[in-house]
Every structure is written in C-alpha cells, then in structure tokens.
Asker: 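Here's a structure for you.
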2 protein chains.
Amino acid sequence: MADLGPYDLLLSVAERGSMGRAAAAHGVSQAAVSARVRSLEAALGVTLLERSPRGTTLTPAGALVAGWARSAVDAAEALEAGIASLRAEQSSRLRVAASLTVAEYLLPRWLVALRTRNPGTAVSLSSQNSTDVAADVLADRADVGFVEAPTVPDELDAQVVARDQLTVVVSPDHPWARRRHGIDAARLATTPLVAREHGSGTRSHLERAIGSLAEPVLELASTTAIKNAAAGGVAPAVLSSLAVAPDLAAGTLVAVPVRGVALHRALSAVWHRGRPLTGPSEDLVRIATGSG
Amino acid sequence: MADLGPYDLLLSVAERGSMGRAAAAHGVSQAAVSARVRSLEAALGVTLLERSPRGTTLTPAGALVAGWARSAVDAAEALEAGIASLRAEQSSRLRVAASLTVAEYLLPRWLVALRTRNPGTAVSLSSQNSTDVAADVLADRADVGFVEAPTVPDELDAQVVARDQLTVVVSPDHPWARRRHGIDAARLATTPLVAREHGSGTRSHLERAIGSLAEPVLELASTTAIKNAAAGGVAPAVLSSLAVAPDLAAGTLVAVPVRGVALHRALSAVWHRGRPLTGPSEDLVRIATGSG
DNA sequence: GTAGGGGCACAACCGCAGCTTATGGGTGCA
DNA sequence: TGCACCCATAAGCTGCGGTTGTGCCCCTAC
C-alpha cells in the first residue's frame, strides 16, 4: 500500500512552483524534497516534474498523477480529521454527536472544511443511533448532533442539512441491472435481499417505506460485507446512496430505480432550543448545509 | 501525511478475523502485524480491535475508523491503478486512450475493477483531447478510447458509458448559493466566471451550450486552481460534476442549478468498427457502462 | 560584464521504524 | 491431556529518509 507522503509533497511542489518552497512549507530541507520526488519518479518510471533553474512545473503525466493524488490525499485527510475527532480529549471545544451514516460518510469531510476555516478548534465525536444522539444533545453531552430521524424532540431545534437516498444495488450481471426503468415497490417487497441485521436504521427505514419485506437471503453486520455480497451476485441490497457512490462510479455495483415509493430521508442537524449555536458549531452546521 | 499501510492491514485483519491470517495474506510475519496494529492504536489513542484467543473483531470505534480507512485505501488503489497504466510498458495487452476528464476522474476506478476481474492484464493509458483519442483508435495505437465529443468518426463504433454534467459552483457565501431555484441561462451568460484557458473542452462545450460567454474574470490552467478561486469567492465557475463532487460533499463549494439550458454531455467508449472488442477491452467497457 | 541569488542535484553520515526469528502464555476442542 | 490456533514480547538487523555541506546552472540587476 502506497505511502501518500511523496504524493503530498508532489502536490505541494506543483502548487508552489518550486521544491525549495515546498520544503519550507513542510519543514524539511530542500535536499529531502529533491530526493523524495526523484525516488517517486524512479518508482513510477515516469517523469512528473519539469525542472528548470527557475522552478518546476508538472509534466502532462505529472498533472494526471497529481489529480489522482489529490483525491487520495483528500481521502486520507478526511480519515485523519475523523480520527482526530475520536480522540475525545477533555479540552475539546466542540462536541459532536452523529448517527452512523453521517459519522461515516459526511462528517470527516465537514471536519476538514471546518479545520481550514477554524484551525484551532478541537472536535470530539461520538457516534450512535439517532435517538441516542438526541439524548446526548438534550443532556448537554454534545453541542450539536446529526440525525436521520424523521422527527426530533420538541426541546431541539433542527435544520435539514442533507438528503440521503436508499438505493437498490445489484451486481452488473444481475437481470435488474438491464432494466432502465427499474422495478416497482411490490417487486422489491417480495424479493429476498442481502440486508443489515434487524434493527439497523437503514433496514427499519426501508420496512417503513414499503410496508413489508421478504425474509432476507443473508444478514450481514457491515456495509462493506453487504456490498461485496451484492457485487458477487448473491442478491440485491438496499444501502444509503452515500455508501454506494464509489461502487457505482467504479461499476462494481449498479443502481436500480424503484418506482412508486419515496426512498429518501432527511439528515438534520439538531441543537438545544434556546441554546443557540456558538461559533464553531454554527460553522459546522453551515458547512454541512452547503453540502445539501 | 498518514501512511496507509497500517490502515490497509487493519482492514485486512477486520475482514479475515485474525491477525495471523492477515499476516499470511500480506506475506509478513504475525508479529509484524501485531506490532503495527498496536502502534497504530497507540498513535490514535483508541483501541480498534477486540483481541481474544479465538481471533479479533473491530470495536465500535474501530468500525468507524475502518470505514473511513476504506475510502482512503480505495482512493489510493485508484491512484496506483492509474499509475500502473501510465508506465506504458511495451507488453501491455490493453492500450487505452482517454480524454482528460475520463482519465482523471473515471478511469482509475474502472481499472481497479478491471484488475479484480482480470488480474493479469497490463493496461497502458494515454490521455489527450477527444479528437486525438479518436485518431489513436483509428490508427490502432489504442484498443479502445473514451471521449466526450458529441460525434465520432464513421469508422468508429461508439457506446455511451456515462453522463457528465457541467455544474455551476460558487462559494457558500455567494448570493447564488441561497437561490434554491438557481439562475437562468441568460444570467450565466452575462456573468464573468473563473474559467479554464480558451480551448479547453469544458469551456468550449459551455460556450456552445449557452451561445456566448462574458469575458472571464480570471483564467487558470488547472481544475484545482479554479476550484480554489471559486471557493475563495472570486467568481462562479463551471466545472464537470465529476470534478466538483467531493467539494460539494465537503461544503466548500455549492452547486447552482441553471434553468433553461441542458448542460450535460455524454461520455462514450469508441473502438474500431469491424474490430470488435476483445476480452479485456470488452470487460473495461462493460465496467464503464455499469457506472452510468 | 559580472556578481549575486534562487533553484536543483550529489555525497557522506546518522538515527529510527519496521521486519525477522524465536519463544511464551492463553483458550478451546478432540 | 495434548494439539491447534491465537496474540504478545524480545533481540537483532536492514534500509529508508533525514540532515548538513557543496557544486553547478541560469537569470537578473547593477
């Protein structure tokens, strides 16, 4: 598995136009940057930078690599931001409680954005189901919460920040993959699926939306396991659109439209009514809203 | 910048249920896995794995970290797949030519999927504009091409594999960000934008779609630079939806709907008519189609 | 014309991270 | 009771990546 350090350095050099400036920005010597970029090029067998006595610019291949590297580095930054929020230091100025879907797929990116806007803020995250999130906010164990629940207690103010959609996904070989107009809700209700264990938020939301479900052909504990089973052709699965977006882009899974039933749900920020949002929490909610 | 190695290992352990099996899968000793996971936990200050004499399972925090890590590792794999295709070995069995948008945002993921399906295939990639891609395929310098052009030469067979949409993006503070119903085409045509240099495919497509454009307020060479300028509030920008998806999710940019004009374009696979797709190229096109 | 500054590369040295093998302690199953 | 499987620890080694110091090149400014 690749170490992203050299790629981060490459992006820095590309952005600043010279190895020396990139070195200064990273707090290392110019020689170290030169050596690392050089060894990266050697490993790839491709020249990435056009050196000149006036600085460096990306070669065409370098620009392509830099674009790919940007995605990977951004994902790694989201990972780091999430982890930083898990450390649960006492001194954290902003305590966030979030449901699993939000915590897994949205919060890390929001935290990256928050950090660029508000570098000093330490954030602590606790993740659980939507009712527990509301309880944490009510009990002042969290400054702001993010939930999937359709309704929230009266003592909380709420604002919809994003919309999530339950998506039926199948393997590209599955017959449903070729149906351009998808399936109807009755068909979905009578087809055995690969599902989360009973009690998961996604599963209960689906049951509520279409009335009843056939007995699952397989119950698995993790989203990844379900995706693998669906991609392997075991049976269709129903997952959050946030969870399956990369797989749809990669072509390992295909989305099947469902007619006659609304499968989206709102994701809301909640906070204590009468205790208005303070600086960092307000920023976070605004960032989250921007993503809707 | 984080080294993804330990996270990759963590995912392996989580998937296989034991450190020993993960070690075997990675071709290292069990002691190395134990030490690395331990040092990862120490660095994060969080226990990720529940050890038992019968194996290991993820703690709740571990599951969250594993989910984030999965995204980062997948992005890194896409990066590696792209790089492998750039090495341009002579022995490459599948030669792909792709326009910049496809090469940057779609191909790496397709290549990851292709590799899992067809591990032995070596792929070489060349990226350029759409007309050059068609020329490469015609001259048999590439087995299959991916283009954005609305029409292709008669000697080529084509199949639409995905749809791309030009998206107007602004900073979250921009007045347009609050217009839920967006703007109309005339407003877009008369507003100075941050744009790619003249001649870029995205820019010429936009000009064709809305007739004329105001003189740009700023011309920049890279997509990233344009995004930064737009996010900084310089002016609105128009970019491929593929390019801005992560920024929309992070909330650093906000999409503005445009009424009265169709801004999508088709991305097509093309190949020599009469020289039907062979095994790996057929697989690749099928994977790409699955993403539509 | 020439001096200076900024830019990249090379050489020599060093410290530490991570791997290996070997071993020990623990649990469950036949 | 022994075996199989699991994880943790110890001790030794290798090599990657960092540092400083130096050289060369090109452009610019005086």
Asker: Closest to the A/R21 side chain: C/dC8, C/dG7, D/dC27?
Answerer: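 Nearest to the side chain of A/R21 among the choices is C/dG7.
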Asker: Quick one: does A/N129's side chain have a donor or acceptor within less than 3.5 Å of a partner on A/D132's backbone?
Answerer: yes
Asker: Would you kindly compare B/V13 and A/V28 by the position of their nearest DNA chain D nucleotide and give the one closer to the 5′ end?
Answerer: B/V13
Asker: Looking at D/dC5, I'd like to know if its phosphate oxygens (OP1 or OP2) sit under 4.0 Å from a side-chain N or O belonging to B/R54.
Answerer: no
Asker: Does C/dA9 have OP1 or OP2 sitting under 4.0 Å from an N or O in the side chain of A/R51?
Answerer: yes
Asker: Looking only at the side chain of B/S18 (C-beta and beyond, no hydrogens), which of the listed nucleotides D/dC26, C/dC8, D/dC7 gets closest?
Answerer: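 Nearest to the side-chain atoms of B/S18, counting from C-beta on, is D/dC7.
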Asker: Reckon B/S29 touches a base, only the sugar-phosphate, or nothing at all at heavy-atom distances under 4.0 Å?
Answerer: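 Base: the residue B/S29, judged by heavy atoms under 4.0 Å, touches a nucleobase.
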Asker: Give the rounded distance in Å between these two atoms: CG of A/L9 and P of C/dC8.
Answerer: 12 Å
Asker: Take atom CD of B/Q30 and atom P of C/dG25, then tell me their distance rounded to the nearest Å.
Answerer: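 From B/Q30 CD to C/dG25 P: 16 Å.
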Asker: In residues 33-41 of chain B, which ones come under 4.0 Å of DNA chain D, going by heavy atoms?
Answerer: B/S34, B/R38
Asker: Just by modelled atom types, is the A/L48 backbone N or O under 3.5 Å from a matching donor or acceptor in the A/E41 side chain?
Answerer: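 A pair under 3.5 Å: yes.
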Asker: Want to settle it: does B/G55 or A/D3 sit nearer the 5' end of DNA chain D, counting the closest nucleotide to each?
Answerer: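 The residue mapped nearer the 5' terminus is B/G55.
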Asker: Could you tell me whether B/D247 and B/K227 make a salt bridge, using a distance below 4.0 angstrom between a side-chain N and a carboxylate O?
Answerer: yes
Asker: Measure from the side-chain N and O atoms of B/W68 to the backbone N and O of A/A103, and report whether any donor-acceptor pair falls under 3.5 Å.
Answerer: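 The answer is yes, because a donor-acceptor pair under 3.5 Å joins these two groups.
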Asker: Look at atom CZ of B/R54 and say whether more than 12 heavy atoms of other residues, nucleotides or ligands are closer to it than 6.0 Å.
Answerer: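 It does not: B/R54 CZ has 12 such atoms or fewer within range.
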Asker: State, to 0.1 Å, how close A/R196 and A/I226 come at their nearest heavy-atom pair, and which atoms those are.
Answerer: N-CD1, 3.5 Å
Asker: Can you figure out which of C/dG6, C/dC10, D/dA10 approaches the side chain of A/P53 most closely?
Answerer: C/dG6
Asker: Nearest to the side chain of B/M19 - C/dC8, D/dC7, D/dT19?
Answerer: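 That would be D/dC7.
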